[in-house]
Enquirer: 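One structure follows; several queries about it will come next.
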Amino acid sequence: MVETPTPTAQTMGGRRLAATAWAGGAVAALVLLTALVSLVWTPHDPAAMDVANKLSDPTGAHPLGTDHFGRDVLSRLMVGARVSIAVSLVAVGLGAGIGVPLGLLASARHGWIDEAVMRFNDLAFAFPALLTAVLITAVLGPGAVNAILAIGIFNIPVFARVARGAALSLWTRPFIQAARLAGRGRTRISVEHILPNIAGALIVQGTIQFALAILAEAGLSYLGLGSQPPEVSWGRMLNEAQTFLFLDPRLAILPGLAIVVTVLGLNLLGDGLRDRLDPRLDTRRADGGR
Amino acid sequence: MTDSRPVLEARGVSRAYPLPRPHPLAPRPVRHAVADISLTLARGESLGIVGESGCGKSTLARLLTALEPPDAGTVLIAGRDPNALDKAALRRLRRSVQMVFQDPMGSLDPRWPVWRIVAEPLVGLAPEVARADRRARVVEALAAVGLGEETLTRYPHQFSGGQRQRIAIARALVTDPDIVVADEPVSALDVSVQAQVLNLFLELRRRRGLALLFISHDLDVVRHVTERIMVMDRGRVVEAGPTAEVLARPAHPHTAALLAAVPRLDAAWTGRERRAAPGAVTEHSPSRHR
Amino acid sequence: MAWFIAKRAVALALTLVAASLVVFGVLEVLPGDPALLILGVNAREDTLAALRESMGLDQPAHWRYLAWIGGLLTGQLADSLTYDVPVTELLVPRIAVSLPLALMALTLTVALALPLGVLAAARRGRAADGAIMGASQLGIAVPNFWLGILLILLFAVTLRWLPSGGFPGWEAGVGPALAALIMPAVALALPQAAILARVTRSSVLEVLGEDYMRTARAKGLSQGEALWHHGLRNALIPVVTIMGLQFSFLLAGTIIIENVFNLPGIGRLIFQAIGQRDIVVVRDLVVLLAAMVGVVNVLVDLSYAVLDPRLRRGHLRGAHG
Amino acid sequence: MALLEVSGLGVDVAGLTLLDGISLRLDRGGSLGVVGESGCGKSLTALSIMGLLPPGLRPRGSVRLDGADLLDADDHALCAVRGRRVAMVFQEPMTALNPVKTIGAQVAEGPRRHLGLSRRAAREHARAVLHRVGLDPSRVSPDQYPHELSGGQCQRVVIAIAVACGPALLIADEPTTALDVSTQARILDLILDLVADEGMALLMISHDMAVIAETVTDMAVMYAGHVVEAGTCRRVLGDPRHPYTRGLMDAMPRGSGRPGEPLAAIPGTVPPPGAWPAGCAFRDRCPRADAACAIRPPLVADADGHAVACHRPFGAGERS
């Protein structure tokens, strides 16, 4: 029987989650805004050194104080946001742009293409993600572009796997059979039927991968493999701050907080989107099966 | 073109599915879903296919609608073998056969509005129909199933199970097919809604001279809606003939057992002796529960 | 069951071969000449040629690949370009740092995440659930190397309980060695524990909604008994998958954490080797790491078969209606 | 005193009423059927009796088993009753069994807890109960897992689990809906044999009136969370008084006259909880509705115990 699902307390909780999603979204938007603003304006020139009052505590002129070369920490954090978001956005875009079509192709065409994509995935997952990134940036040389490539590459199998998994379960659904009976080809079905129905899952995965990419970029920069000076990145700020840990811990704390806030915002946004975009359709076995 | 040739014909079609190997060296076991079945469906005629789950009736439906090629034998739609045609010819042939599925929740793409769902067969099979005419054909098809123009812009989740099944029927009618294959179209519906949809099938046959292939496990539903019947058990046809006659005087033990097993409403006042179903339908090897 | 293991082992072997090919190929393309690296820029051409010849660099690529694989399988690894000793000698002391670190981190992750995840699911919607999920949300967002720095700041700089880095070696006694590994292990473990707790919670929640749990309650079992006797084992299956993946995250994490705490482990070695273009060390280590990850994945698959009889006894019911 | 006495049972969730004013009686060894379409609340009634409502659903009214009100009982007391005094069989045999435990272990669990049997004694008991429900241990070993059994065999295991401790009341919620018609016949026979042999009372829940006609003596028809008609099957099915009961019977293909003729379908659809019209919930779809139906009709029984909740019921013997 098509049982009308009785509303249970679980669905009632939906609204509460939405609030944290909005908070997450707001935080993420704020960081994005800061990054954009830093393109045109920062309180001080992030590279301008003022060795006279280096390692100064927060003052009127320098709300977050200065670093070991007297540079304004707030300005550097703002510019660091730009690098972090740019690298992560492009890397995730690269991962999704290649991974999703691969996943869709694998689910549409059974047989050797599916096998090939899956083997590629197994291979990619054999290497710990960061190791691949370190290897690639080392081979191609450090720098923001190579960091994008490195992080992007290990995003491809993630999106391929999510897209393939979600698509596979749809291919047996009756509305896809009906589309085949309506003379629609596999590619057209993949784009017009499958993609919109797995968009929810992909967007949710996207926000998670975006957050992971920010952590990965920070890690690579910390190791000196990310963007190189004079570009500023949160990861390298942390690296430099570590040597002054005894003198001025503030320098080590602030960039880390920036990373945590950004990633936290994205994860909360992802959770909120998951419930709204990808509600678990209550497809309890509807056929009476008598 | 009044044409005495059957609109749908199957000549000795068979289809088997490979099963997982019990152990690596064993030959791959095979399950014969459909074994050497022949049938003809004349223009405007209705044929019921009855059998328990796992008897192969859904597989037969997939063969007759060319969703899958048979391993042996041939299928003829309007006298032509769909599996021997090129893409364009197959698309033209598909206009004359469309399908309605069991699961109202899965029959319609949740992300598509009703007008686009019902129009899809026209877009795929009759591209020459102009966009303006297409809308008219959709409205006409929806009217034929008792739904007004206000449903055009709504989405599937805004309808009840019965209404969704009507939309699926409208989609099947939009290319004005000769045959509609209905695979358990009312099994997932409640009794009162089931009656509404069955009445719709009866009306459509009368008004549009539609040939109907009606697949079900419910003998009473098939008795009510079809003129001829075919009883299937484990991939084979065990009995066929005029519905009223076969169900009144079953010749094959399997048909008799099915009839005896159906619980009867008048058991309430014709005394309680619970007629145990004769042992004819033995508990064969673990049946493929759908 | 044997067939199950055989299939997994063959798949692992194939993956490792593919991995070694990829690594070999990538490093072949690497610009820069190892001989030049060792002897320095102003070395004479003939000595450079002699060195290349002795290292077999002049052999065709496929020869060198086979020689390398031969060495790997028989344990005689080539000499490191920078330290001029067989890689094995570099490897053994470093494994003694990285492996215990990874195992400590994994144990910490599982010991923290499983109980908290189950508790959060059992107390769904209540304070405990909110607190645990809030903490895990934060835990996921914290980069492990920053956590390391904060731990150093707190326990080494301010409280002076633990060393701020370095590794005294096991010879100096288990106590000091462990003390040097605690903070790195915690820094590695906390973010992973946050992820595992969330996975555990959602897996247990899903299991609580299953029909067989209702059957268990209908038998007279309490919520706790039903969860213990029926729920946990079913909930473990997806959790084990994530644990397998997390082991490879931990290995990758050692590269950074060993830098933060300057521990002489595999992670640090591979980072330095990449920096110095020491392709011999890089090749061997990458394949070693891939092998470790591969073995863990096979173990995860095996634990599936133990946990889930449907995999062990094959599937009698065909899927086609 | 009746074995089971449900009076004024209702269920709400966050302000929405799903079930309202359900009253049923079942004596020791008696049998009662509850029939209705999806969403009418028949399964919620069964779950309320077992105290297994999903989280967030609040029951009200009273459910007395052997005189004690289960709705007031604490969880510990309920656990002692479930499986021991009242047991339940569910609709989906495939998912009702734990996939990672053997069928023998799942049947032995109840007896170990309620009958205090040792591990070995419980295993023996389980083997005997499995045999009793038609799973001959030589053909289907208690050490097998659910995925190795057919739908019918799994349902036999679920029944074995329910009757393992000899409960006084067996609740069967759509026990054969997910099975083929021939398997359904054998499972219904099994349930009736067990109920007769063990002297159990049976509460049979189904959407199929013929299944109710075949298995129980008394029945109740439910619509949108209310009982609209009740009485013996002979009377309710032989001479239905409520327009909805009559509409259901006329809509069934087996009940109607000649094939090919349109069925007397009930217009419209079942209103979801929260959208029930004031007064009689069937008002908007009822051919006989009038102004009086704005007030909810009480369930009134005639001399023979044939009760109906309608202001203008069909008269005795009146044709629709």
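Chain letters run A, B, ... following the sequence lines, proteins first and then strands; every chain starts at 1.
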Enquirer: Heavy-atom distance under 4.5 Å to chain A: side chain of C:L153, backbone, both or neither?
Expert: both

Enquirer: Which residues, numbered in order, of residues 243-253 of chain A come under 4.5 angstrom of chain C by heavy-atom distance?
Expert: A:L245, A:F246, A:P249, A:A252, A:I253

Enquirer: Among residues at least two apart in sequence or on other chains, which ones pass side-chain hydrogen bond (donor to acceptor under 3.5 Å, both in side chains) with A:N267?
Expert: none

Enquirer: Do you know the tightest heavy-atom contact between C:W146 and A:L238?
Expert: CD1-CD2, 3.4 Å

Enquirer: What part of C:L138 gets within 4.5 angstrom of chain A, counting heavy atoms only: side chain, backbone, both, or neither?
Expert: both

Enquirer: Would you mind listing every ring pair (Phe, Tyr, Trp, His ring centres under 6.0 Å) that reaches into residues 251-298 of chain C, with sequence neighbours excluded?
Expert: none

Enquirer: Do C:T15 and A:R119 have side chains that get closer than 4.5 Å, going by heavy atoms?
Expert: no

Enquirer: Could you look at A:A211 and say if it's the side chain, the backbone, both or neither that has a heavy atom under 4.5 Å from chain C?
Expert: neither

Enquirer: Name the atoms and distances for all side-chain donor-acceptor pairs under 3.5 Å in residues 257-265 of chain A, with sequence neighbours left out.
Expert:
| residue | atom | partner | partner atom | Å |
| --- | --- | --- | --- | --- |
| A:T262 | OG1 | A:A258 | O | 2.7 |

Enquirer: Which value, rounded to the nearest 0.5 Å, describes the distance between A:L215 atom CG and C:I256 atom CD1?
Expert: 9.5 Å

Enquirer: So what's closer than 4.5 Å to chain A heavy atoms on C:I140: side chain, backbone, both or neither?
Expert: both

Enquirer: What part of C:V260 is in contact with chain A, defined as an atom under 4.5 angstrom from a non-hydrogen atom: side chain, backbone, both or neither?
Expert: both

